[in-house]
Amino acid sequence: MIKWFVEKLLLLQLLIFPALGFCDPIFSTGNKHSVTVIGTGYVGLVLGACLADLGQVVTCCDVDKEKIQMLSKGMIPIYENGLLEIVQKNLANGRLHFSTNVDTSILNSNVIFITVGTPEGKNGEANLCFIGKVAETIGKNLNDKKTIFVKSTVPMGTIRWIKEVIDENNSKQTPYNLGYAPEFLREGSSVEDFMHPDRIVIGADNDETANIFANLMQPLIDAGAPLCTTSIASAEMIKYASNSFLSIKISFINEIADFCEQIGANVDEVAYAIGLDKRIGKAFLKPGPGYGGSCFPKDTNAFLKAAEKYGIDLKTVNAAVQTNSTRALKIVQNLENRFGSLKGLKIAIWGLSFKEETDDVRESAALKLIDLLQKRGAILHCYDPIANANALKVFPTLFTYNRPQDAVQYADALILATPWKEFLEVNFIDIYKRMNTKFIYDTRNFLDEKYLRRIGFEVESLGKK
Ligand code: UDX
């Protein structure tokens with residue numbers, strides 16, 4: 001009977017609060033915390049939903065009313081594996097709330113996460129405008145001792161600056177804790193990454209801050225996730241150093257791919273064999289059209305800028321950025337070598353998101369290719385399982401299709417730009433019949449090249465000539 005009553009109450013809450021557009025946080029007791037997450041982008045939404053799933057009571061705040069209304073109704077604005085399910089589950093069990101009322105939410109919480117964006121600003125530096133505003137708001141609403149964790153990616157020294165901003169606005173000089181907890185979530189698998197992290201990092205300057213964070217992450221630590229407790233400066237460095245190292249790995253293998261082409265080696269064989277060396281590792285050795293997304297391009301640039309300020313020349317990171325910037329052009333030049341002028345050539349592009357399993361097109365190599373090809377007069381027909389709409393926001397006149405086979409009709413070339421699994425299931429005999437010139441450029445070394453050649457395709461890939 002009690003169970004029935006609680007379930008009905010939760011259902012009622014799920015129905016009524018979304019209609020109001022926001023929910024006020026519920027206080028919890030014991031070793032549970034009342035958590036506010038400010039910013040409901042990828043990082044904030046995944047963090048909020050996962051913390052709720054781990055048992056915390058969480059309110060995710062955003063200034064975007066439409067987004068909050070949508071989230072309150074159990075719908076999510078992004079495509080992310082497993083996220084919808086845990087958002088709906090925790091809305092229904094009453095542990096997850098959404099609100100536009102940041103002030104109230106801060107007042108009612110003892111833990112606050114800052115997860116607003118730090119987009120690339122002028123000259124490649126991170127734009128700290130949003131995070132500064134949030135710090136002001138937190139400072140103004142410090143009614144009792146709270147613990148604040150920054151999760152947004154920020155350059156070295158930013159946490160010190162955030163402390164200054166909070167202090168300026170904290171007129172009653174209420175004590176508070178401040179820590180930096182960098183995130184390492186990959187889009188497309190962020191829920192999985194959150195729940196099974198390689199490591200958890202907390203930068204803190206006192207034990208209380210570190211302990212509160214460890215307490216929040218306890219179920220993951222109990223399940224074996226290593227916790228790295230560091231200084232704030234080290235945590236700031238760990239985030240940028242991790243992303244930059246992975247970027248270097250990708251650019252390295254892309255350069256090796258170019259070299260392989262010249263000497264008749266096969267980059268896939270090379271990557272596999274070098275990756276078996278545990279000191280090198282298999283991950284992030286896949287050649288491609290260059291890394292994209294909302295993190296690597298922005299973070300490597302911000303890292304370089306930050307280093308410059310301290311008189312440090314990060315030559316390896318710089319080289320990775322330079323190499324990456326030439327990838328799309330190299331692919332287009334190879335097409336020109338094959339076809340001559342690209343003017344009027346009908347080219348199909350499969351995959352528009354910056355990688356598979358996401359609808360995110362930010363800094364997508366596919367869009368860079370589109371830009372270069374359009375400038376050369378090629379006529380593009382594109383397909384992506386879920387990113388068509390986002391690509392159209394960038395290139396409103398692009399021809400997009402709902403099926404891969406429709407994009408290749410009478411095409412002179414097919415470029416595979418993003419390695420969606422469904423491309424492995426396509427009937428290539430049908431594709432062959434539809435295409436004008438039977439030419440496939442696999443920029444991810446993803447398709448079964450031998451099979452494609454066997455059925456008559458001319459195939460270009462990376463690092464294999
Ligand atoms: C990255 C980091 O992995 C994550 O830890 C951090 O928190 C945010 O940035 P994400 O941007 O989601 O995550 O994507 P990721 O899977 O790292 O891929 C980044 C880019 O590199 C993609 O464009 C991908 O296609 C490309 N890539 C990746 C390669 O070209 N080759 C590889 O071997 C791996």
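Keep in mind that the numbers below use all heavy atoms, side chains included, and drop hydrogens, waters and symmetry copies. By convention here, the first residue in the shown sequence is residue 1.
Among the candidates Ile78, Thr358, Asp384, Val361, the single residue satisfying the side-chain contact (heavy atoms from CB on, under 4.5 Å) test with Asn390 is Val361. Each of Ser99, Pro77, Cys60 was scored for a side-chain contact (heavy atoms from CB on, under 4.5 Å) with Leu71, with one residue passing: Pro77.
Of all non-hydrogen atoms in Tyr441 and Ile331, the two that sit nearest each other are CE1-O, 3.5 Å. Closest non-hydrogen pair, Tyr310 versus Met156, comes out as OH-O, 4.2 Å. Nearest heavy-atom pair, Thr230 versus Ala235, reported as atom, atom and distance to 0.1 Å: OG1-N, 3.4 Å. Heavy atoms only, all atoms of each residue included: Ile347 and Ala378 are closest at CD1-CB, 3.9 Å. Across Lys146 and Ser109, no two heavy atoms sit closer than the pair NZ-O, 2.7 Å. When all heavy atoms of Gly132 and Trp161 are compared, the closest pair comes out as CA-CH2, 3.5 Å.
Judged purely by distance below 3.5 Å, without hydrogens or angles, the side chains of Asn170 and Asp167 never pair a donor atom with an acceptor atom. Side-chain polar atoms of Glu192 and Asn81 form no donor-acceptor pair below 3.5 angstrom. Using a 3.5 Å distance cut-off with no hydrogens or angles, the side chains of Asn206 and Asn177 do pair a donor with an acceptor.
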Check against side-chain contact (heavy atoms from CB on, under 4.5 Å), Leu128 and Thr118: CA-CA 6 Å; Leu128 301 177; Thr118 50; 4.1 Å; yes
Criterion side-chain contact (heavy atoms from CB on, under 4.5 Å) on Ser353 and Asp360, from CA distance to verdict: CA-CA 5 Å; Ser353 52; Asp360 195 344; 5.7 Å; no
Residue pair Arg327, Asp258: steps toward the side-chain contact (heavy atoms from CB on, under 4.5 Å) verdict: CA-CA 10 Å; Arg327 297 304 295 166; Asp258 291 350; 3.2 Å; yes
Ile274 and Ile256: CA distance, side-chain angles, deciding distance, side-chain contact (heavy atoms from CB on, under 4.5 Å) verdict: CA-CA 12 Å; Ile274 65 172; Ile256 297 299; over 6 Å; no
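In this structure, SG in Cys382 is found 9.0 Å from CD1 in Ile415, a value given to the nearest 0.5 Å. In this structure, OG on Ser251 lies 9.5 Å from CD on Gln322, to the nearest 0.5 angstrom. To the nearest 0.5 Å, atom CG of residue Leu51 and atom CZ of residue Arg95 are 11.0 Å apart. The CH2 atom of Trp420 sits 10.0 Å away from the NZ atom of Lys355 when rounded to the nearest 0.5 Å. A distance of 9.0 Å separates OG1 in Thr100 from CG in Asp62, rounded to the nearest 0.5 Å. Between the CD1 atom of Ile68 and the SG atom of Cys61 there is a distance of 7.0 Å, given to the nearest 0.5 Å.
Contact of the Thr323 side chain with the Phe252 side chain is not registered, since no non-hydrogen atoms from C-beta on lie closer than 4.5 Å. Asp53 is not listed as a side-chain neighbour of Phe194, based on a closest heavy-atom distance of 4.5 Å or more. Side-chain contact between Tyr180 and Val201: absent, with no pair of heavy atoms (C-beta onward) separated by less than 4.5 Å. Side-chain contact check for Phe213 versus Thr229: every heavy-atom pair is 4.5 Å or farther apart. Side-chain contact between Ile166 and Leu142 is present, with heavy atoms from C-beta onward closer than 4.5 Å. With a 4.5 Å cut-off on side-chain heavy atoms, Glu363 and Phe354 do not count as touching. The shortest distance between side-chain heavy atoms of His381 and Val408 does not fall below 4.5 Å. Taking 4.5 Å as the limit, every side-chain heavy atom of Leu246 sits out of range of all side-chain heavy atoms of Tyr291.
Annotation for Tyr79: atom OH counts as buried by contact number, over 12 foreign heavy atoms lying within 6.0 Å. More than 12 heavy atoms of other residues, nucleotides or ligands shown are found within 6.0 angstrom of CZ on Phe184. The number of heavy-atom neighbours closer than 6.0 Å to CG of Asn402, taken from other residues, nucleotides and ligands shown, is 12 or below. Within 6.0 Å of NZ in Lys133 there are 12 or fewer heavy atoms belonging to other residues, nucleotides or ligands. Other residues, nucleotides and ligands contribute more than 12 heavy atoms inside 6.0 Å of the CD atom of Gln218.
Aromatic ring orientation, Tyr383 versus Phe423: perpendicular (interplanar angle above 60°, classes split at 30° and 60°). Classified by interplanar angle (parallel below 30°, tilted 30° to 60°, perpendicular above 60°), the ring pair Tyr240/Phe303 is parallel.
A donor-acceptor pair under 3.5 Å is formed between the side chain of Thr443 and the backbone N or O of Leu416. Between the Thr174 side chain and the Asn143 main chain, no donor and acceptor come within less than 3.5 Å of each other. Panel note: side chain Glu80, backbone Gly188; a donor-acceptor pair is recorded below 3.5 Å. Not a single donor-acceptor pair under 3.5 Å links the side chain of Glu187 to the backbone N or O of Gly293.
Ion pair Asp442/Arg444 not flagged as a salt bridge, since none of the NZ, NE, NH1 or NH2 atoms sits closer than 4.0 Å to an Asp/Glu carboxylate oxygen.
Listed by first and then second residue, the salt bridge (charged side-chain N to carboxylate O under 4.0 Å, His left out) pairs involving residues 198-210 are Lys145-Glu208 (not counting sequence neighbours).
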